[in-house]
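Single-structure report; data block below.
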Amino acid sequence: MSRTFYVTTPIYYVNDVPHIGHAYTTLAADVIARYKRLKGNEVFFLTGTDEHGQKVEKAANAAGETPLELADRVVKRFQALWEKLDVSYTDFIRTTQERHKNGVSHLFAQVLAQGDIYLGEYEDWYCTPCETFWTETQLIDYKCPDCNRPTEKLKEESYFFRMSKYQEQLLAHIEANPDFIQPKSKRNEIIAFVKEGLRDLSISRTSFKWGIPVPGNERHVIYVWFDALANYITALGYPDQSGNFGKFWPVDAHLIGKDILRFHAVYWPTFLMAAGLPLPRKVFAHGWWTVEGQKMSKSLQNVVEPNMLIDKYGADAVRYFLLREVPFGLDGDFSHTALVHRINSDLANDLGNLLNRSTAMINKYFDGIVQTPGPLSALDQAYRAKTEAMVTQVDAHLDELAFSKALQAIWEVISAGNKYIDESAPWALAKDPAQHERLGTIMYCSLESQRIIYHLLAAFMPKTATKALSYLSWDAPPTEAGLKWGGLATGTKITKAEPLFPRIEEGTRD
RNA sequence: GGCGGUGUAGCUCAGCUGGUUAGAGCACACGGCUCAUAUCCGUGUUGUCCGGGGUUCGAGUCCCUGCACCGCCA
């Protein structure tokens, strides 16, 4: 009965340190993974690191260490960050692991054996000092874009993948599956790109050593993207069908940044076609974050360091902000004022305050004990219906990875919850003993709606949800059954809540 | 240069197959409540819906054109 769900982030290149962009993709994957688990799916959530390639080799040399030593160091930083952000990944793959190298070799050998990989010559502009090939369009005045020194046209022996062979098949698949590549604007770009014609792809290098050797020809190292993309199946144990690979492939969603869409929407599917494997169900390219209106870059020194944000605002606030502020798929701007604003108005005023006022009242009026609700008035029923509708809406939005819409739908009910209290005015009823049952019913509806809200929010803000639910004496982990109205039992002891998100005074920022 | 997209209140954006007085959130102003983290609720202001032309009984919504910005490709 249990369905499976497989979601991935890209594997992050160890030549870079974690920044807000990495955190964004990973958090999105975490939210969907947590939600699918709550819905009863068996979830496989994969993230990891890409550790091969010339840049890593050179950076390691420069630092006087081996590439693997460099990778070990950076991997720890990623893993520490994910822990800090409460990222619930199932597996963390490193491309230097044996399981991965074996899988990649197998994939390469198989495609080679069937004739879709052939040995040829790769010709492009080469910068000798940098030991790097550039395409003509990358050159600046025929000079190396990295070091500005002259380049020369050079030939290198290389293995090629017959990508051209799969052009029509890929196009047909994209057109037959409207949700395969998302968002739609990106899908159009890929269709246009494929229609212009796919050329065979160079998938090996002889100019450096730090990578997986081509089976049967150790002078060649497998091209970094062929190596990296395969992580999505090697982590499942490919080519062994008996375990996770048979169980979880094809993947339900590859979440990626828009800069690597072509690799995931063109290269990867054609590799899979050649290998006779099913294609991913969905590839979703999200947007970029600018920072205070400016493009993030090392030279501007405005790269947002997630650790600093978490220390300052807390993991859940960061998680909420990133997924609420911008529709998944569009670019967004990160700013401290926007973040503080979201914390104060959405989290402190709307969400937190609702929990506070309701838990305070039930303690004041009923010593914190949940009463058996009487008949629901029209007002109560409308509120309940809105809460129930939210559960369906959130489910639909999350199916489309529309995180921000899902949160909006939740916040509509939070707003309705504040309004509900206002309109039913419990403090007035409390003065009239004859209204005792009515008062208990209102408390019930308010808290029950919130209990369901925190079940949904558990995917987005796990710590906050756990804490809020504990005030409602709900200590079990959130489940799908918990999304149904009526879960709050008569006699439950409600604790008066401490503020979940204290307001942040504007202007106290550094 | 080719293909695609965008241009709607101060800000960020919704507005599907054209149909009465163009919406939401935030911000701002005023009013109300007091259970609550000076929180919550209500009301209200601002829009040549980028410019121009056209189709139509009727267009933010379709067509043409101009401008601006963005993306992909070259």
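Each chain gets a letter, A, B and so on, in the order the sequences are listed, and its residues count up from 1.
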Expressed in angstrom and rounded to an integer, what is the separation of L379(A) atom CG from rC41(B) atom P? 14 Å

Per the under-4.0 Å heavy-atom filter, residues of residues 160-175 of chain A near RNA chain B come out as none

Taking only residues two or more places apart in sequence, or in another chain, which ones meet E325(A) in a side chain to side chain donor-acceptor pair (under 3.5 Å)? R342(A)

Using the P atom as the reference point in each nucleotide, state the distance between rU65(B) and rG4(B) in Å, no decimals. 12 Å

Partner of rA9(B) under the Watson-Crick or G-U wobble criteria, both distances under 3.5 Å, comes out as none

For residues 358-382 of chain A, the ring pair (Phe, Tyr, Trp, His ring centres under 6.0 Å) pairs (sequence neighbours left out) are F366(A)-H436(A)

Contacts of F284(A) that satisfy ring pair (Phe, Tyr, Trp, His ring centres under 6.0 Å) - sequence neighbours left out: F328(A)

Quickly work out the D346(A) CG to rG25(B) P distance and round it to whole Å. 12 Å

If pairing means Watson-Crick or G-U wobble with both distances under 3.5 Å, then the partner of rG19(B) is rC57(B)

Identify every side-chain donor-acceptor pair in residues 404-416 of chain A under 3.5 Å, counting partners at least two apart or on other chains, and give the distances.
from: W411(A); atom 1: NE1; to: D346(A); atom 2: O; distance (Å): 3.2

Just so I know, are the side chains of Y12(A) and D50(A) near enough to count as touching, which here means a heavy-atom distance under 4.5 Å? no

Using atom P of each nucleotide, how far apart are rG52(B) and rU39(B) to the nearest Å? 44 Å

Could you tell me how far apart R342(A) (CZ) and rA27(B) (P) are, to the nearest whole angstrom? 10 Å

Quick one: on RNA chain B, does R324(A) or E196(A) contact a more 5' nucleotide (nearest heavy atom)? R324(A)

What is the distance from NZ of K184(A) to C1' of rC16(B), rounded to the nearest Å? 10 Å

I'd like to check the side chain to side chain donor-acceptor pair (under 3.5 Å) partners of E400(A); sequence neighbours left out, ordered by chain and number. none

Base, backbone or nothing for each nucleotide of nucleotides 35-40 of chain B, written B, S, -, heavy atoms under 4.0 angstrom, 5' to 3'? BBB-SB

Would you please name every residue forming a ring pair (Phe, Tyr, Trp, His ring centres under 6.0 Å) with Y267(A), sequence neighbours left out? F263(A)

L429(A) CG - rC33(B) C1' separation (whole Å): 14 Å

Go through the structure and list residues passing ring pair (Phe, Tyr, Trp, His ring centres under 6.0 Å) with Y471(A), not counting sequence neighbours. none

Are R205(A) and Y122(A) in a cation-pi contact, defined as NZ or CZ under 6.0 Å from the six-membered ring centre and within 45° of the axis? yes

List for me each residue that meets side chain to side chain donor-acceptor pair (under 3.5 Å) alongside S164(A), sequence neighbours excluded, and say none if there are none. D200(A)

With rounding to the closest Å, how many angstrom separate the P atoms on rU61(B) and rG25(B)? 25 Å

Return the value, rounded to whole Å, for the distance between atom CG of L198(A) and atom C1' of rC73(B). 13 Å

Work out how far the C1' atom of rG18(B) is from that of rC57(B), and round it to whole angstrom. 12 Å

rU34(B) versus rU12(B) - spacing of their P atoms, nearest Å: 39 Å

Could you tell me whether K195(A) contacts a base, only the sugar-phosphate backbone, or nothing, with contacts defined as non-hydrogen atoms closer than 4.0 Å? nothing

Rounded C1' spacing from rA9(B) to rU17(B) in Å: 27 Å

Under 3.5 Å, which N/O atoms of the protein pair with N/O atoms of nucleotides 4-14 of chain B?
none

Watson-Crick or G-U wobble partner for rC28(B), using a 3.5 Å limit on both distances? rG44(B)

Whom does rC3(B) pair with, Watson-Crick or G-U wobble, provided both distances fall under 3.5 Å? rG71(B)

C1' spacing across the pair rC3(B) / rU56(B), given as an integer number of angstrom: 31 Å

How far, in whole Å, is rC50(B) from rA14(B) if one measures between their P atoms? 13 Å

Which nucleotide, in any strand shown, forms a Watson-Crick or G-U wobble pair with rC35(B), with both distances under 3.5 Å? none

Partner set under ring pair (Phe, Tyr, Trp, His ring centres under 6.0 Å) for H397(A), not counting sequence neighbours: none

Evaluation steps, side chain to side chain donor-acceptor pair (under 3.5 Å), between W268(A) and H254(A): CA-CA 11 Å; W268(A) 179 227; H254(A) 284 318; 3.1 Å; yes

Taking the inter-plane angle between the rings of H173(A) and F180(A) on a 0 to 90° scale, is it parallel (under 30°), tilted (30 to 60°) or perpendicular (over 60°)? perpendicular

